[in-house]
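Sharing a structure with you now.
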Amino acid sequence: MSAMAFPPWAVWLMLLGLAAFAGMIALSIRRNRGIRRTLFAFPYGLWIVVFTLIPLLLIGYYAFTDRSGAFTLDNFRTFWDSNFEMRKQMLDMGFDPADLGIARGNVNMDTLIYSLWMAFLCTLICLAMGYPAALFMADRNFKLGSTLVVLFIIPMWMNFLLRTIAWMSLLEDNGLINTLLGALGLPRMQLMYNSRAVLLGMVYNYLPFMVFPIYNALSKQDPKLSEAAMDLGANAALTFFKVTLPLSLPGVISGITMVFMPSVTTFFIPRVLGGGNTEMFGDLIERTFLSADNWNLGSALSLIMMVLILLSLTTLRKFDPEGEGGTMI
Amino acid sequence: MQERPRLINLENISKEYDGVRVLSDINLYIRKNEFVTLLGPSGCGKTTTLRIIGGFERATTGRVLFDGQDITDLPPYKRKVNTVFQKYALFPHLNVYENIAFGLKVAKRPRDEIRRKVEKMLALVNLRSYGKRSVESLSGGQQQRIAIARALVNEPEVLLLDEPLGALDLKLRQEMQLELKRMQQMLGITFIYVTHDQEEALTMSDIIVVMKDGYIQQIGTPKDVYDEPKSAFVANFIGQSNIIRGEMVHDCLVNFCGADFPCVDKGFGSNAPVDVLIRPEDLQIVPEDEGRLKGIVRSVLFKGVHYEMIIDSGAMRFKVHSTVMQPEGSTVGLDVIPFNIHIMKPMPKEETQFEEATQSEEETA
């Protein structure tokens with residue numbers, strides 16, 4: 001940890017941020033000739049400066065420096081080639097790494113691609129399951145709709161870790177499902193420690209985030225609009241595809257955003273349900289920071305993650321004319 | 001009115017929501033090319049009736065016939081009617097052109113036919129160059145026209161209009177009333193129009209159906225329902241009126257407020273209790289000693305075309321409309337010619353009380 005101490009300027013930066021914040025407050029008080037309304041924004045403003053802006057700058061700083069604090073792009077090279085450090089050392093010692101059979105290491109890249117793929121699958125499954133559920137709950141003729149909404153929320157009151165661990169007792173070799181299968185005389189199945197189990201855990205955890213934005217968009221929709229479509233000759237299917245679905249797209253995009261973002265950065269679930277067999281980018285970052293104690297590489301990985309999320313959200317936003325889903329950015 | 005074929009027949013329609021009855025015994029026929037208005041206060045069942053015709057609600061009992069065929073169980077998209085919704089219900093994700101073209105596209109009409117018809121409709125509603133605009137950028141009046149164009153482009157046999165002018169300001173509303181009437185006559189389509197605005201109903205309709213509490217109160221031409229209301233409710237809802245408890249002395253002579261008045265109504269029997277209806281504009285103000293009644297002017301309101309005065313005869317406070325103002329506190333005579341006295345069967349007490357409520361409603365409107 002000693003090498004990872006905060007650079008002295010970070011302390012100055014924090015003080016500077018606080019000073020700038022105080023200046024902003026003073027300015028806004030002078031401009032508004034009052035303190036009352038601005039006052040309520042202080043705690044959050046302070047929070048943003050201390051816990052978001054400055055950490056962000058620190059991540060940027062660490063990502064572009066080495067352990068000694070000198071500027072370098074090596075962290076990003078390591079992301080591309082996980083053997084970069086090793087190969088560099090070998091070159092320094094006068095060996096050609098190719099001769100020693102040390103090629104480009106693609107662990108980091110593969111983990112990223114695997115994470116994106118898993119997040120994509122998770123989002124797709126959540127959408128396929130969530131949209132019909134939301135449609136069902138938003139149906140005005142269905143009187144139990146609001147009850148169902150509450151049922152959907154209740155699991156979210158339980159801790160995320162607890163919910164994930166609970167799946168273990170279902171899926172493990174001596175878990176509920178396998179015991180049941182055994183009792184029925186069926187062969188036991190390997191349910192845990194693979195990508196499917198991880199995906200299951202992800203879908204289970206993120207499904208509500210897909211359902212609710214869509215449910216909101218659908219239940220806000222004026223029922224007169226689908227009546228108008230029917231009135232103009234569209235049957236139920238045409239009404240859905242020409243009116244209900246296009247008008248719910250902002251909700252869908254919001255849902256995709258809400259599921260995709262945490263999915264890509266998922267950690268813990270792969271470790272619990274995937275065992276050591278599946279590592280996702282979130283776990284990699286965590287491991288790099290905490291186990292490998294490499295804040296510089298960890299920061300670079302985080303930065304890459306952030307840029308990727310930002311890019312995908314901006315792309316999504318292009319498909320969202322209302323700008324409702326884009327509020328997550 | 002000449003005999004036109006009956007296009008829509010409602011037979012013994014009733015409707016219940018969760019055991020609450022909102023429509024009872026609706027029997028109504030609508031002829032081809034008629035402009036029929038369902039008129040009544042909110043909650044009277046007029047919109048429900050319209051929605052049953054449109055196919056959005058199913059009647060609990062009864063049948064809907066269209067051109068002789070039972071369409072009671074037909075979904076909206078199979079009915080030859082189109083609706084102009086109360087708040088237009090334009091599709092916000094489509095532009096003006098696409099909104100109007102919606103019905104034709106669903107019917108899979110050829111592209112050039114769609115183009116031709118939509119352009120024609122845009123011209124009809126005076127929005128020729130608005131095709132590419134988003135519907136949300138339009139004013140209420142323009143959205144209204146688009147809603148009408150979107151319905152009419154499908155060439156329905158019947159157009160249902162659910163308080164289509166409710167959201168517009170007075171001036172625009174009056175313009176649109178004339179325009180709707182013009183379109184209806186030009187296109188030769190049956191209009192079924194729902195409104196709570198009696199003036200709108202009188203201006204546009206061929207037939208007015210007055211409804212209250214889920215029942216039809218009266219069906220007739222605007223002149224019928226205005227001049228010969230069948231009940232105190234109709235009399236009060238359509239225009240303003242003075243309703244006085246009276247007694248039919250014998251045919252063509254009625255007694256109220258302690259005086260005998262000749263009238264033109266017969267067949268109520270002798271010495272029978274009746275309700276007497278006199279429109280405010282039918283009461284004549286005459287010199288103090290020349291009227292059959294005498295009263296003190298309690299209040300005077302200027303209403304533009306006329307003054308509205310409350311004249312207290314002791315037994316009754318009459319509402320009187322006149323272009324000549326009488327000073328407050330002065331005593332005047334009141335008279336009314338036989339033709340302007342309308343006799344109705346007496347109504348239960350609470351029905352005549354309705355007067356106050358409707359009047360204050362009209363004043364705020």
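Chain naming here is simple, since letters A, B, ... match the order of the sequence lines and numbering starts at 1 in each.
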Quiz item: Is atom CZ of A:Phe240 surrounded by more than 12 heavy atoms (other residues, nucleotides or ligands) closer than 6.0 Å?
Solution: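 Counting other residues, nucleotides and ligands, CZ of A:Phe240 exceeds 12 neighbours.
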Under 3.5 Å, sequence neighbours excluded: what are the donor-acceptor pairs made by side chains of residues 64-71 of chain B?
unit_1	atom_1	unit_2	atom_2	d
B:Asp70	OD1	B:Thr72	N	2.9
B:Asp70	OD1	B:Thr72	OG1	2.4

Exercise. Below 4.5 Å from any heavy atom of chain A, which atoms of B:Arg150 appear? Answer side chain, backbone, both or neither.
Key: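 It is both, since atoms from each part get that close.
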Self-check item: Side chain, backbone, both or neither of B:Leu160 within contact of chain A (heavy atoms, under 4.5 Å)
Solution: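 Contact with chain A: none, neither part.
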Exercise. Considering only heavy atoms and a distance below 4.5 Å, find which of A:Met230, A:Lys242, A:Glu227 pairs most often with chain B.
Key: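 Looking at each option in turn, the highest pair count goes to A:Glu227.
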Quiz prompt | B:Arg133, CZ atom: more than 12 neighbouring heavy atoms under 6.0 Å | solution =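 Count over threshold, so yes.
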Quiz item: Tell me the ring-ring contact (aromatic ring centres under 6.0 Å, His included) pairs involving residues 117-150 of chain B, sequence neighbours left out?
Solution: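 Pairs touching residues 117-150 of chain B that pass the test: none.
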Quiz item: With only heavy atoms counted, which part of B:Asn154 is less than 4.5 Å from chain A, the side chain, the backbone, both or neither?
Solution: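 Contact with chain A is through the side chain of B:Asn154 alone.
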Quiz prompt | side chain to side chain donor-acceptor pair (under 3.5 Å) against A:Ser248, all qualifying residues, sequence neighbours excluded | solution =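 Partners of A:Ser248 under the side chain to side chain donor-acceptor pair (under 3.5 Å) test: A:Tyr131.
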Exercise. Compute both the distance and the angle, then confirm whether B:Lys87 meets the cation-pi test with B:Phe85: under 6.0 Å from the six-membered ring centre, within 45 degrees of the axis.
Key: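 Output no; distance or angle outside limits.
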Self-check item: B:Glu119 bridged to B:Arg128 by N-O distance under 4.0 Å
Solution: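 Result for this pair is no, no salt bridge flagged.
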Quiz item: Among A:Val243, A:Leu238, A:Asp222, which residue forms the greatest number of heavy-atom pairs with chain B at distances under 4.5 Å?
Solution: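 Sorted descending by pairs with chain B, the first entry is A:Val243.
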Exercise. For the pair B:Asp206 and B:Lys181, find out whether any cationic side-chain nitrogen is under 4.0 Å from an anionic carboxylate oxygen.
Key: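 Salt bridge flag = yes for B:Lys181 with B:Asp206.
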Self-check item: Side-chain H-bond candidate by donor/acceptor type, A:Asp231 with B:Thr83, under 3.5 Å
Solution: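 Yes, side-chain donor-acceptor contact under 3.5 Å.
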Quiz item: Which answer fits A:Leu225, side chain, backbone, both or neither, if we ask what part of it has an atom under 4.5 Å from a heavy atom of chain B?
Solution: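 Both backbone and side chain of A:Leu225 come within 4.5 Å of chain B.
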Quiz item: Looking only at heavy atoms, which of residues 96-110 of chain B get nearer than 4.5 Å to chain A?
Solution: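 Heavy-atom contacts from residues 96-110 of chain B to chain A are B:Phe102, B:Gly103, B:Lys105, B:Val106.
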